[in-house]
Novice: 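One structure, as C-alpha coordinates, below. Some questions next.
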There are 2 protein chains.
Amino acid sequence: MKKIKVLYAEDEPFLARIVFDGLSSSGYEVNLALDGQLAWMQFQENKPDICILDIMMPQKDGYTLAAEIRKSDPNIPIIFLSAKALTEDVVMGFKSGGNDYLKKPFSIDELLVRMESLLKRFGHTQKDETAMVRKYEFRSCELDALTQKLKTSVGEYSLSYKETILLELLLKNRNNILEREHALIKIWGEDSFYNGRSMDVFMAHLRKLLKTEPEIQIMSLRGVGYKLIC
Amino acid sequence: MKKIKVLYAEDEPFLARIVFDGLSSSGYEVNLALDGQLAWMQFQENKPDICILDIMMPQKDGYTLAAEIRKSDPNIPIIFLSAKALTEDVVMGFKSGGNDYLKKPFSIDELLVRMESLLKRFGHTQKDETAMVRKYEFRSCELDALTQKLKTSVGEYSLSYKETILLELLLKNRNNILEREHALIKIWGEDSFYNGRSMDVFMAHLRKLLKTEPEIQIMSLRGVGYKLIC
DNA sequence: CTGAAGATTTAACCTTAATTAACCGAGCTT
DNA sequence: AAGCTCGGTTAATTAAGGTTAAATCTTCAG
(Lines give C-alpha, C1' and ligand atoms only; values in the text may rest on other atoms or scores of the structure.)
Protein backbone atom coordinates (compact mmCIF):
# COMPACT_ATOMS: atom_id res chain seq x y z
CA MET A 1 0.00 0.00 0.00
CA LYS A 2 1.24 3.46 -0.82
CA LYS A 3 2.26 5.57 2.08
CA ILE A 4 0.57 8.85 2.78
CA LYS A 5 2.87 11.80 2.23
CA VAL A 6 3.13 14.47 4.86
CA LEU A 7 4.73 17.84 4.51
CA TYR A 8 5.93 18.96 7.90
CA ALA A 9 7.26 22.49 8.26
CA GLU A 10 8.97 23.15 11.58
CA ASP A 11 12.02 25.19 12.49
CA GLU A 12 12.57 23.90 15.98
CA PRO A 13 14.94 21.01 15.39
CA PHE A 14 14.39 19.06 18.55
CA LEU A 15 10.64 18.96 18.24
CA ALA A 16 10.99 18.34 14.54
CA ARG A 17 12.91 15.15 15.09
CA ILE A 18 10.43 13.80 17.60
CA VAL A 19 7.45 14.48 15.39
CA PHE A 20 9.27 13.20 12.35
CA ASP A 21 10.04 9.93 14.12
CA GLY A 22 6.53 9.63 15.46
CA LEU A 23 4.91 10.10 12.09
CA SER A 24 7.39 7.86 10.31
CA SER A 25 6.87 5.03 12.74
CA SER A 26 3.13 5.38 12.24
CA GLY A 27 3.63 4.66 8.58
CA TYR A 28 3.65 8.10 7.04
CA GLU A 29 6.21 9.32 4.56
CA VAL A 30 7.38 12.59 6.01
CA ASN A 31 9.06 15.50 4.31
CA LEU A 32 10.55 17.84 6.81
CA ALA A 33 11.14 21.45 5.87
CA LEU A 34 13.10 23.69 8.22
CA ASP A 35 11.64 26.97 7.10
CA GLY A 36 8.67 28.31 5.21
CA GLN A 37 10.54 28.91 2.02
CA LEU A 38 11.88 25.37 1.85
CA ALA A 39 8.46 24.05 2.74
CA TRP A 40 6.94 25.76 -0.25
CA MET A 41 9.54 24.27 -2.53
CA GLN A 42 9.04 20.83 -1.10
CA PHE A 43 5.33 21.19 -1.45
CA GLN A 44 5.58 21.84 -5.18
CA GLU A 45 8.03 19.03 -5.63
CA ASN A 46 6.48 16.30 -3.53
CA LYS A 47 2.73 16.85 -3.78
CA PRO A 48 1.97 15.80 -0.21
CA ASP A 49 -1.40 14.50 0.95
CA ILE A 50 -1.50 16.57 4.12
CA CYS A 51 0.41 19.53 5.54
CA ILE A 52 1.44 20.25 9.09
CA LEU A 53 2.73 23.78 9.45
CA ASP A 54 4.31 25.57 12.34
CA ILE A 55 3.13 29.18 12.49
CA MET A 56 6.32 30.90 13.40
CA MET A 57 9.08 30.08 10.97
CA PRO A 58 11.93 31.97 9.39
CA GLN A 59 11.64 33.09 5.76
CA LYS A 60 7.92 32.57 5.43
CA ASP A 61 5.39 32.17 8.20
CA GLY A 62 2.86 29.39 8.38
CA TYR A 63 -0.15 31.53 7.45
CA THR A 64 1.38 32.84 4.27
CA LEU A 65 2.55 29.40 3.37
CA ALA A 66 -0.89 27.95 3.99
CA ALA A 67 -2.53 30.55 1.81
CA GLU A 68 -0.17 29.72 -1.03
CA ILE A 69 -0.68 26.03 -0.62
CA ARG A 70 -4.41 26.48 -0.46
CA LYS A 71 -4.35 28.45 -3.68
CA SER A 72 -2.44 25.72 -5.41
CA ASP A 73 -4.55 22.88 -4.01
CA PRO A 74 -7.93 23.75 -2.52
CA ASN A 75 -8.45 20.23 -1.24
CA ILE A 76 -5.44 19.44 0.87
CA PRO A 77 -5.87 19.23 4.63
CA ILE A 78 -3.73 21.66 6.62
CA ILE A 79 -3.01 21.53 10.32
CA PHE A 80 -1.40 24.45 12.12
CA LEU A 81 0.91 24.16 15.07
CA SER A 82 1.30 27.11 17.35
CA ALA A 83 2.70 28.08 20.69
CA LYS A 84 0.25 30.90 20.99
CA ALA A 85 -3.38 30.08 21.56
CA LEU A 86 -5.04 33.40 21.10
CA THR A 87 -8.33 33.50 19.33
CA GLU A 88 -7.10 35.88 16.69
CA ASP A 89 -4.47 33.36 15.74
CA VAL A 90 -7.13 30.79 15.26
CA VAL A 91 -9.09 33.15 13.05
CA MET A 92 -6.00 33.96 11.11
CA GLY A 93 -5.18 30.31 10.67
CA PHE A 94 -8.67 29.60 9.62
CA LYS A 95 -8.80 32.44 7.11
CA SER A 96 -5.62 31.36 5.47
CA GLY A 97 -7.14 28.01 4.84
CA GLY A 98 -6.24 25.76 7.77
CA ASN A 99 -8.45 22.87 8.74
CA ASP A 100 -7.27 22.25 12.25
CA TYR A 101 -5.25 24.00 14.88
CA LEU A 102 -3.08 22.37 17.52
CA LYS A 103 -1.48 24.35 20.27
CA LYS A 104 1.91 23.43 21.61
CA PRO A 105 2.65 21.45 23.59
CA PHE A 106 0.80 18.60 22.00
CA SER A 107 1.47 14.89 22.09
CA ILE A 108 2.15 12.83 19.02
CA ASP A 109 -0.97 10.83 19.57
CA GLU A 110 -3.05 13.97 19.61
CA LEU A 111 -1.56 14.93 16.29
CA LEU A 112 -2.07 11.48 14.83
CA VAL A 113 -5.71 11.48 15.81
CA ARG A 114 -6.31 14.83 14.14
CA MET A 115 -4.46 13.77 11.03
CA GLU A 116 -6.44 10.61 10.66
CA SER A 117 -9.71 12.35 11.13
CA LEU A 118 -8.84 15.01 8.55
CA LEU A 119 -7.54 12.46 6.07
CA LYS A 120 -10.69 10.45 6.42
CA ARG A 121 -12.77 13.53 5.82
CA PHE A 122 -10.81 14.47 2.75
CA GLY A 123 -11.32 11.05 1.34
CA HIS A 124 -7.94 9.49 1.92
CA THR A 125 -8.96 6.11 3.02
CA GLN A 126 -5.67 4.55 3.91
CA LYS A 127 -5.32 2.89 7.26
CA ASP A 128 -2.66 0.45 6.38
CA GLU A 129 -3.01 -2.63 8.50
CA THR A 130 0.38 -2.38 10.12
CA ALA A 131 -0.68 0.84 11.77
CA MET A 132 -3.63 -0.96 13.31
CA VAL A 133 -1.83 -3.97 14.72
CA ARG A 134 0.03 -2.97 17.76
CA LYS A 135 1.13 -6.26 19.26
CA TYR A 136 4.56 -6.86 20.69
CA GLU A 137 6.11 -10.13 21.84
CA PHE A 138 9.13 -10.07 24.05
CA ARG A 139 10.53 -13.07 25.87
CA SER A 140 7.55 -14.74 27.50
CA CYS A 141 5.52 -11.57 27.48
CA GLU A 142 3.11 -9.97 25.11
CA LEU A 143 1.69 -6.50 24.87
CA ASP A 144 -1.40 -5.66 22.86
CA ALA A 145 -1.33 -1.91 22.77
CA LEU A 146 -4.78 -1.68 21.24
CA THR A 147 -6.58 -3.50 24.01
CA GLN A 148 -4.02 -2.36 26.58
CA LYS A 149 -3.36 -5.88 27.83
CA LEU A 150 -0.03 -7.15 29.03
CA LYS A 151 0.54 -10.88 29.36
CA THR A 152 3.50 -12.05 31.39
CA SER A 153 4.54 -15.48 32.51
CA VAL A 154 2.46 -15.10 35.65
CA GLY A 155 -0.71 -13.51 34.37
CA GLU A 156 -2.50 -10.93 32.34
CA TYR A 157 -2.87 -7.31 33.32
CA SER A 158 -4.97 -4.45 32.02
CA LEU A 159 -2.78 -1.42 31.67
CA SER A 160 -3.88 2.17 31.81
CA TYR A 161 -3.59 4.35 28.74
CA LYS A 162 -0.34 6.00 29.69
CA GLU A 163 1.25 2.85 31.00
CA THR A 164 0.50 1.30 27.64
CA ILE A 165 2.03 4.08 25.59
CA LEU A 166 5.10 4.15 27.76
CA LEU A 167 5.66 0.41 27.49
CA GLU A 168 5.01 0.57 23.77
CA LEU A 169 7.66 3.23 23.43
CA LEU A 170 10.13 1.12 25.35
CA LEU A 171 9.34 -1.82 23.12
CA LYS A 172 9.75 0.15 19.94
CA ASN A 173 13.25 0.91 21.12
CA ARG A 174 13.93 -2.42 22.75
CA ASN A 175 17.56 -2.99 23.61
CA ASN A 176 18.08 0.55 22.58
CA ILE A 177 18.04 3.87 24.28
CA LEU A 178 14.73 5.58 24.80
CA GLU A 179 15.60 9.15 25.61
CA ARG A 180 13.81 10.54 28.59
CA GLU A 181 13.05 13.81 26.89
CA HIS A 182 11.81 12.01 23.83
CA ALA A 183 9.38 9.90 25.81
CA LEU A 184 8.10 12.90 27.72
CA ILE A 185 7.37 14.85 24.59
CA LYS A 186 5.76 11.86 22.93
CA ILE A 187 3.42 11.19 25.80
CA TRP A 188 2.84 14.54 27.47
CA GLY A 189 3.80 16.95 24.75
CA GLU A 190 6.36 18.68 26.90
CA ASP A 191 9.24 18.01 29.19
CA SER A 192 8.42 19.60 32.52
CA PHE A 193 9.38 18.74 36.04
CA TYR A 194 6.05 17.23 37.05
CA ASN A 195 5.57 15.29 33.86
CA GLY A 196 8.97 13.83 34.50
CA ARG A 197 8.05 12.75 37.99
CA SER A 198 4.82 11.35 36.70
CA MET A 199 6.69 9.26 34.20
CA ASP A 200 8.94 7.97 36.96
CA VAL A 201 5.89 6.71 38.75
CA PHE A 202 4.69 4.88 35.64
CA MET A 203 8.14 3.44 35.21
CA ALA A 204 7.93 2.07 38.73
CA HIS A 205 4.55 0.48 37.87
CA LEU A 206 5.98 -1.21 34.82
CA ARG A 207 9.01 -2.44 36.69
CA LYS A 208 6.79 -3.95 39.34
CA LEU A 209 4.70 -5.74 36.73
CA LEU A 210 7.77 -7.05 34.96
CA LYS A 211 9.84 -8.04 37.95
CA THR A 212 8.60 -11.62 37.63
CA GLU A 213 10.48 -11.84 34.34
CA PRO A 214 14.12 -12.53 35.04
CA GLU A 215 15.23 -11.83 31.50
CA ILE A 216 13.50 -8.51 31.14
CA GLN A 217 14.82 -5.38 32.70
CA ILE A 218 14.27 -1.69 32.42
CA MET A 219 17.63 -0.06 32.85
CA SER A 220 17.95 3.60 33.43
CA LEU A 221 20.72 5.67 32.00
CA ARG A 222 21.16 8.58 34.29
CA GLY A 223 20.67 11.87 32.52
CA VAL A 224 19.82 10.18 29.26
CA GLY A 225 16.87 7.86 29.43
CA TYR A 226 15.95 4.21 29.59
CA LYS A 227 16.79 0.97 27.92
CA LEU A 228 14.52 -2.06 27.90
CA ILE A 229 16.63 -5.21 27.94
CA CYS A 230 14.84 -8.26 26.64
CA MET B 1 -23.15 16.30 -8.58
CA LYS B 2 -22.80 20.01 -7.89
CA LYS B 3 -22.31 20.97 -4.31
CA ILE B 4 -24.84 23.08 -2.51
CA LYS B 5 -23.47 26.50 -1.62
CA VAL B 6 -23.89 27.80 1.89
CA LEU B 7 -23.29 31.31 3.11
CA TYR B 8 -22.34 31.19 6.76
CA ALA B 9 -22.03 34.45 8.65
CA GLU B 10 -20.44 34.08 12.06
CA ASP B 11 -18.01 36.23 14.02
CA GLU B 12 -17.06 33.77 16.72
CA PRO B 13 -14.00 32.06 15.30
CA PHE B 14 -13.99 28.88 17.33
CA LEU B 15 -17.57 28.05 16.55
CA ALA B 16 -17.04 29.13 12.98
CA ARG B 17 -14.32 26.58 12.49
CA ILE B 18 -16.34 23.74 13.91
CA VAL B 19 -19.39 24.52 11.84
CA PHE B 20 -17.36 25.16 8.74
CA ASP B 21 -15.65 21.80 9.04
CA GLY B 22 -18.88 20.02 9.83
CA LEU B 23 -20.67 21.42 6.82
CA SER B 24 -17.73 20.89 4.51
CA SER B 25 -17.39 17.29 5.49
CA SER B 26 -21.09 16.79 4.87
CA GLY B 27 -20.54 17.83 1.31
CA TYR B 28 -21.53 21.47 1.30
CA GLU B 29 -19.50 24.25 -0.21
CA VAL B 30 -19.23 26.81 2.55
CA ASN B 31 -18.48 30.52 2.33
CA LEU B 32 -17.63 31.94 5.69
CA ALA B 33 -18.08 35.62 6.40
CA LEU B 34 -16.73 37.05 9.64
CA ASP B 35 -19.08 39.98 9.85
CA GLY B 36 -22.39 41.12 8.43
CA GLN B 37 -20.87 43.49 5.94
CA LEU B 38 -18.62 40.84 4.46
CA ALA B 39 -21.51 38.43 4.42
CA TRP B 40 -23.55 40.75 2.28
CA MET B 41 -20.72 41.12 -0.19
CA GLN B 42 -20.18 37.39 -0.33
CA PHE B 43 -23.86 36.87 -0.84
CA GLN B 44 -23.92 39.04 -3.95
CA GLU B 45 -20.81 37.46 -5.29
CA ASN B 46 -21.45 33.79 -4.64
CA LYS B 47 -25.20 33.37 -4.99
CA PRO B 48 -25.51 30.76 -2.25
CA ASP B 49 -28.35 28.23 -2.03
CA ILE B 50 -28.92 28.71 1.68
CA CYS B 51 -27.87 31.21 4.35
CA ILE B 52 -26.94 30.61 7.96
CA LEU B 53 -26.69 33.87 9.86
CA ASP B 54 -25.56 34.66 13.35
CA ILE B 55 -27.70 37.40 14.88
CA MET B 56 -25.09 39.37 16.70
CA MET B 57 -22.30 40.41 14.42
CA PRO B 58 -20.11 43.45 13.98
CA GLN B 59 -20.88 45.85 11.11
CA LYS B 60 -24.33 44.54 10.34
CA ASP B 61 -26.58 42.39 12.49
CA GLY B 62 -28.23 39.23 11.28
CA TYR B 63 -31.76 40.64 11.05
CA THR B 64 -30.77 43.53 8.84
CA LEU B 65 -28.68 41.26 6.71
CA ALA B 66 -31.54 38.80 6.35
CA ALA B 67 -33.92 41.53 5.28
CA GLU B 68 -31.52 42.66 2.59
CA ILE B 69 -30.94 39.14 1.40
CA ARG B 70 -34.66 38.45 1.36
CA LYS B 71 -35.25 41.53 -0.73
CA SER B 72 -32.73 40.39 -3.25
CA ASP B 73 -33.89 36.77 -3.33
CA PRO B 74 -37.35 35.95 -1.94
CA ASN B 75 -36.77 32.23 -2.34
CA ILE B 76 -33.62 31.48 -0.43
CA PRO B 77 -33.82 29.61 2.88
CA ILE B 78 -32.39 31.49 5.86
CA ILE B 79 -31.52 30.01 9.24
CA PHE B 80 -30.72 32.21 12.22
CA LEU B 81 -28.30 31.35 14.96
CA SER B 82 -28.60 33.06 18.28
CA ALA B 83 -27.36 32.91 21.83
CA LYS B 84 -30.56 34.46 23.09
CA ALA B 85 -33.71 32.41 23.02
CA LEU B 86 -36.40 34.91 23.82
CA THR B 87 -39.64 34.60 21.96
CA GLU B 88 -39.50 38.13 20.68
CA ASP B 89 -36.19 37.37 19.07
CA VAL B 90 -37.73 34.44 17.31
CA VAL B 91 -40.58 36.62 16.12
CA MET B 92 -38.11 39.24 15.00
CA GLY B 93 -36.22 36.55 13.15
CA PHE B 94 -39.24 35.36 11.26
CA LYS B 95 -40.35 38.90 10.52
CA SER B 96 -37.08 39.78 8.90
CA GLY B 97 -37.44 36.84 6.62
CA GLY B 98 -35.88 33.89 8.41
CA ASN B 99 -37.15 30.38 7.92
CA ASP B 100 -35.71 28.72 10.96
CA TYR B 101 -34.16 29.64 14.25
CA LEU B 102 -31.50 27.71 16.15
CA LYS B 103 -30.32 28.66 19.59
CA LYS B 104 -26.71 28.26 20.60
CA PRO B 105 -25.24 25.95 21.54
CA PHE B 106 -26.47 23.65 18.87
CA SER B 107 -24.91 20.53 17.47
CA ILE B 108 -23.77 20.16 13.91
CA ASP B 109 -26.18 17.35 13.37
CA GLU B 110 -29.09 19.48 14.47
CA LEU B 111 -28.06 22.14 12.01
CA LEU B 112 -27.68 19.59 9.22
CA VAL B 113 -31.13 18.22 9.84
CA ARG B 114 -32.70 21.69 9.67
CA MET B 115 -30.77 22.58 6.57
CA GLU B 116 -31.83 19.44 4.80
CA SER B 117 -35.42 19.92 5.67
CA LEU B 118 -35.39 23.54 4.48
CA LEU B 119 -33.56 22.69 1.30
CA LYS B 120 -36.06 20.00 0.54
CA ARG B 121 -38.90 22.41 1.19
CA PHE B 122 -37.34 24.95 -1.15
CA GLY B 123 -36.93 22.38 -3.84
CA HIS B 124 -33.25 21.59 -3.65
CA THR B 125 -33.17 17.87 -4.10
CA GLN B 126 -29.55 16.90 -3.72
CA LYS B 127 -28.33 14.53 -1.02
CA ASP B 128 -26.21 11.96 -2.69
CA GLU B 129 -27.05 8.44 -1.68
CA THR B 130 -23.81 7.66 0.10
CA ALA B 131 -24.50 10.35 2.64
CA MET B 132 -27.86 8.81 3.41
CA VAL B 133 -26.72 5.30 4.15
CA ARG B 134 -25.57 5.06 7.68
CA LYS B 135 -25.27 1.38 8.36
CA TYR B 136 -22.43 -0.16 10.28
CA GLU B 137 -21.56 -3.80 10.80
CA PHE B 138 -19.21 -4.75 13.55
CA ARG B 139 -18.58 -8.27 14.80
CA SER B 140 -22.00 -9.81 15.20
CA CYS B 141 -23.70 -6.47 15.58
CA GLU B 142 -25.25 -3.98 13.26
CA LEU B 143 -26.22 -0.37 13.67
CA ASP B 144 -28.57 1.43 11.36
CA ALA B 145 -28.16 5.03 12.36
CA LEU B 146 -31.09 6.21 10.29
CA THR B 147 -33.69 4.00 11.90
CA GLN B 148 -31.77 4.06 15.20
CA LYS B 149 -31.77 0.30 15.51
CA LEU B 150 -28.99 -1.72 17.01
CA LYS B 151 -28.89 -5.45 16.42
CA THR B 152 -26.67 -7.54 18.66
CA SER B 153 -26.24 -11.26 19.00
CA VAL B 154 -29.02 -11.36 21.58
CA GLY B 155 -31.63 -9.03 20.12
CA GLU B 156 -32.57 -5.78 18.55
CA TYR B 157 -32.84 -2.50 20.39
CA SER B 158 -34.25 0.88 19.53
CA LEU B 159 -31.76 3.52 20.47
CA SER B 160 -32.48 7.11 21.31
CA TYR B 161 -31.19 9.87 19.09
CA LYS B 162 -28.14 10.70 21.13
CA GLU B 163 -27.28 7.10 21.85
CA THR B 164 -27.27 6.55 18.12
CA ILE B 165 -25.01 9.43 17.24
CA LEU B 166 -22.62 8.54 20.00
CA LEU B 167 -22.36 4.95 18.86
CA GLU B 168 -22.03 6.10 15.28
CA LEU B 169 -19.14 8.34 16.25
CA LEU B 170 -17.46 5.48 18.05
CA LEU B 171 -17.92 3.31 15.00
CA LYS B 172 -16.53 5.89 12.65
CA ASN B 173 -13.39 5.78 14.73
CA ARG B 174 -13.45 2.11 15.55
CA ASN B 175 -10.21 0.80 17.04
CA ASN B 176 -9.12 4.35 17.17
CA ILE B 177 -9.37 7.22 19.55
CA LEU B 178 -12.55 9.23 19.68
CA GLU B 179 -11.61 12.39 21.49
CA ARG B 180 -13.97 13.28 24.28
CA GLU B 181 -14.02 16.94 23.34
CA HIS B 182 -14.69 16.11 19.75
CA ALA B 183 -17.63 13.91 20.60
CA LEU B 184 -19.10 16.52 22.92
CA ILE B 185 -18.90 19.23 20.32
CA LYS B 186 -20.35 16.97 17.66
CA ILE B 187 -23.30 15.90 19.76
CA TRP B 188 -24.03 18.76 22.11
CA GLY B 189 -22.39 21.67 20.36
CA GLU B 190 -20.17 22.48 23.31
CA ASP B 191 -17.91 20.90 25.86
CA SER B 192 -19.34 21.73 29.27
CA PHE B 193 -19.35 19.92 32.57
CA TYR B 194 -22.92 18.71 32.43
CA ASN B 195 -22.79 17.67 28.82
CA GLY B 196 -19.79 15.63 29.77
CA ARG B 197 -21.66 13.92 32.56
CA SER B 198 -24.58 13.35 30.26
CA MET B 199 -22.33 11.67 27.76
CA ASP B 200 -21.00 9.45 30.52
CA VAL B 201 -24.52 8.28 31.15
CA PHE B 202 -25.04 7.44 27.50
CA MET B 203 -21.75 5.66 27.47
CA ALA B 204 -22.98 3.51 30.34
CA HIS B 205 -26.14 2.73 28.34
CA LEU B 206 -24.13 1.62 25.35
CA ARG B 207 -21.81 -0.45 27.47
CA LYS B 208 -24.76 -2.20 29.03
CA LEU B 209 -26.26 -3.00 25.64
CA LEU B 210 -22.96 -4.28 24.32
CA LYS B 211 -21.86 -6.27 27.30
CA THR B 212 -23.30 -9.42 25.77
CA GLU B 213 -20.67 -9.14 23.04
CA PRO B 214 -17.41 -10.51 24.34
CA GLU B 215 -15.36 -9.15 21.47
CA ILE B 216 -16.64 -5.61 21.64
CA GLN B 217 -15.49 -3.21 24.24
CA ILE B 218 -15.62 0.49 24.86
CA MET B 219 -12.40 1.44 26.54
CA SER B 220 -11.90 4.80 28.08
CA LEU B 221 -8.68 6.70 27.85
CA ARG B 222 -8.67 8.95 30.82
CA GLY B 223 -8.33 12.59 29.88
CA VAL B 224 -8.38 11.80 26.19
CA GLY B 225 -11.49 10.01 25.08
CA TYR B 226 -12.78 6.59 24.14
CA LYS B 227 -11.80 3.70 21.97
CA LEU B 228 -14.23 1.15 20.60
CA ILE B 229 -12.50 -2.17 20.24
CA CYS B 230 -14.14 -4.51 17.77
C1' DC C 1 -55.28 20.52 27.75
C1' DT C 2 -53.57 16.61 30.39
C1' DG C 3 -51.02 12.75 31.63
C1' DA C 4 -48.05 8.95 30.52
C1' DA C 5 -43.92 7.25 28.27
C1' DG C 6 -39.68 8.07 26.81
C1' DA C 7 -35.48 10.91 26.36
C1' DT C 8 -32.18 13.63 28.52
C1' DT C 9 -30.11 15.98 32.31
C1' DT C 10 -28.76 16.55 37.00
C1' DA C 11 -27.31 14.62 41.27
C1' DA C 12 -25.04 11.64 44.39
C1' DC C 13 -21.86 8.44 45.52
C1' DC C 14 -17.96 5.56 44.24
C1' DT C 15 -13.69 3.74 41.80
C1' DT C 16 -9.39 4.40 39.96
C1' DA C 17 -5.96 6.86 36.78
C1' DA C 18 -2.84 10.35 37.08
C1' DT C 19 -0.47 13.84 39.44
C1' DT C 20 1.92 15.73 43.25
C1' DA C 21 4.52 15.26 47.46
C1' DA C 22 7.83 13.38 50.41
C1' DC C 23 11.61 10.88 51.46
C1' DC C 24 15.51 8.07 50.09
C1' DG C 25 19.72 6.39 47.89
C1' DA C 26 23.08 6.09 44.10
C1' DG C 27 26.36 8.26 41.47
C1' DC C 28 28.76 12.45 39.80
C1' DT C 29 31.45 16.78 40.99
C1' DT C 30 34.71 19.30 43.27
C1' DA D 1 33.90 13.00 51.70
C1' DA D 2 30.39 16.73 51.38
C1' DG D 3 27.09 18.32 48.51
C1' DC D 4 24.15 18.04 44.56
C1' DT D 5 21.20 16.27 41.16
C1' DC D 6 18.69 12.60 39.19
C1' DG D 7 15.75 9.15 39.53
C1' DG D 8 13.30 5.18 42.63
C1' DT D 9 9.62 4.34 45.47
C1' DT D 10 5.58 4.82 48.16
C1' DA D 11 1.89 7.42 49.85
C1' DA D 12 -1.42 11.20 49.58
C1' DT D 13 -4.18 14.01 46.80
C1' DT D 14 -6.87 15.39 42.88
C1' DA D 15 -9.85 14.93 39.36
C1' DA D 16 -11.92 11.95 35.50
C1' DG D 17 -15.11 9.06 34.73
C1' DG D 18 -18.59 4.79 36.13
C1' DT D 19 -22.95 3.84 37.78
C1' DT D 20 -27.47 4.35 39.37
C1' DA D 21 -31.38 6.88 40.55
C1' DA D 22 -34.13 10.92 40.68
C1' DA D 23 -35.60 15.11 38.43
C1' DT D 24 -36.92 17.43 34.41
C1' DC D 25 -38.10 18.10 29.83
C1' DT D 26 -40.61 16.49 25.40
C1' DT D 27 -43.77 14.46 22.81
C1' DC D 28 -47.85 12.72 21.62
C1' DA D 29 -52.22 10.18 22.26
C1' DG D 30 -56.55 10.82 24.06
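All values below come from the heavy atoms of this structure, side chains included, with hydrogens, waters and symmetry mates left out. Letters go in sequence order (proteins before strands), and every chain restarts at 1.
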Novice: Would you compute the distance between atom CG of B/Leu112 and atom CZ of B/Phe106 and round it to the nearest 0.5 angstrom?
Specialist: 10.0 Å
Novice: What integer distance in Å separates B/Arg180:CZ from D/dA15:P?
Specialist: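 It is 15 Å, rounded to the nearest whole Å.
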Novice: B/Glu181 CD to D/dA16 P: how many Å, rounded?
Specialist: 13 Å
Novice: Taking atom CG of A/Leu111 and atom CG of A/Leu81, what is their separation to the nearest 0.5 Å?
Specialist: 6.5 Å
Novice: Specify the separation, in whole Å, of atom CZ of B/Phe193 and atom P of D/dG17.
Specialist: 11 Å
Novice: I need the NZ-C1' distance between B/Lys211 and D/dT19, as an integer number of Å.
Specialist: 11 Å
Novice: Salt bridge check: are A/Arg139 and A/Glu215 linked by an N-O gap of less than 4.0 Å?
Specialist: yes
Novice: A/Asp200 CG to D/dT5 P: how many Å, rounded?
Specialist: 17 Å
Novice: Can a side chain N or O of A/Lys208 be found less than 4.0 Å away from OP1 or OP2 on D/dG8?
Specialist: no
Novice: Using whole Å, what does the distance between atom C1' of nucleotide D/dG17 and atom CD of B/Glu179 come to?
Specialist: 17 Å
Novice: Starting from C1' on C/dT8, measure out to CZ on B/Phe106 and report it in whole angstrom.
Specialist: 20 Å
Novice: With a 4.0 Å cutoff (strictly under), does any side-chain N or O of B/Tyr226 reach OP1 or OP2 of D/dA16?
Specialist: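 So the side-chain polar atoms of B/Tyr226 never come under 4.0 Å of the phosphate oxygens OP1 or OP2 of D/dA16.
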Novice: Run the side chain to side chain donor-acceptor pair (under 3.5 Å) test against A/Ser153 and tell me which residues pass, sequence neighbours left out.
Specialist: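 If we apply the side chain to side chain donor-acceptor pair (under 3.5 Å) test to A/Ser153, skipping adjacent residues, the hits are A/Glu213.
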Novice: I'd like to check the salt bridge (charged side-chain N to carboxylate O under 4.0 Å, His left out) partners of A/Arg174; sequence neighbours left out, ordered by chain and number.
Specialist: none
Novice: Could you state the CZ-P distance from A/Arg207 to D/dG7, rounded to the nearest angstrom?
Specialist: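 Rounded to the whole Å, the gap is 11 Å.
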Novice: Partners of A/His205 by ring-ring contact (aromatic ring centres under 6.0 Å, His included), sequence neighbours excluded?
Specialist: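 Expected list: A/Phe202.
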Novice: List in chain and number order the residues that pass side chain to side chain contact (heavy atoms under 4.5 Å, CB included) with A/Lys151, two or more places apart in sequence or in another chain; answer none if no residue qualifies.
Specialist: A/Glu142, A/Glu156
Novice: I need a per-nucleotide contact map over nucleotides 18-24 of chain C, read 5' to 3'. Cutoff is protein heavy atoms under 4.0 Å; write B for the base, S for backbone only, - otherwise.
Specialist: SBBSB--
Novice: Could you check whether A/Lys149 pairs with A/Asp144 (Lys NZ or Arg NE/NH1/NH2 to Asp/Glu carboxylate O, under 4.0 Å)?
Specialist: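 The answer is no: the pair does not qualify as a salt bridge.
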Novice: Would you mind telling me which residue lines up with the more 5' stretch of DNA chain C, A/Ser158 or B/Leu159, judged by nearest nucleotide?
Specialist: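 This one resolves to B/Leu159.
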Novice: Can you give me the bend angle of the helix from C/dC1-D/dG30 to C/dT30-D/dA1? Use the axis through the first five pairs and the one through the last five, nearest 10 degrees.
Specialist: 30°
Novice: If the threshold is 4.0 Å, N to carboxylate O, is there a salt bridge linking B/Arg180 and B/Asp200?
Specialist: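 Salt bridge between B/Arg180 and B/Asp200, a charged N being under 4.0 Å from a carboxylate O: yes.
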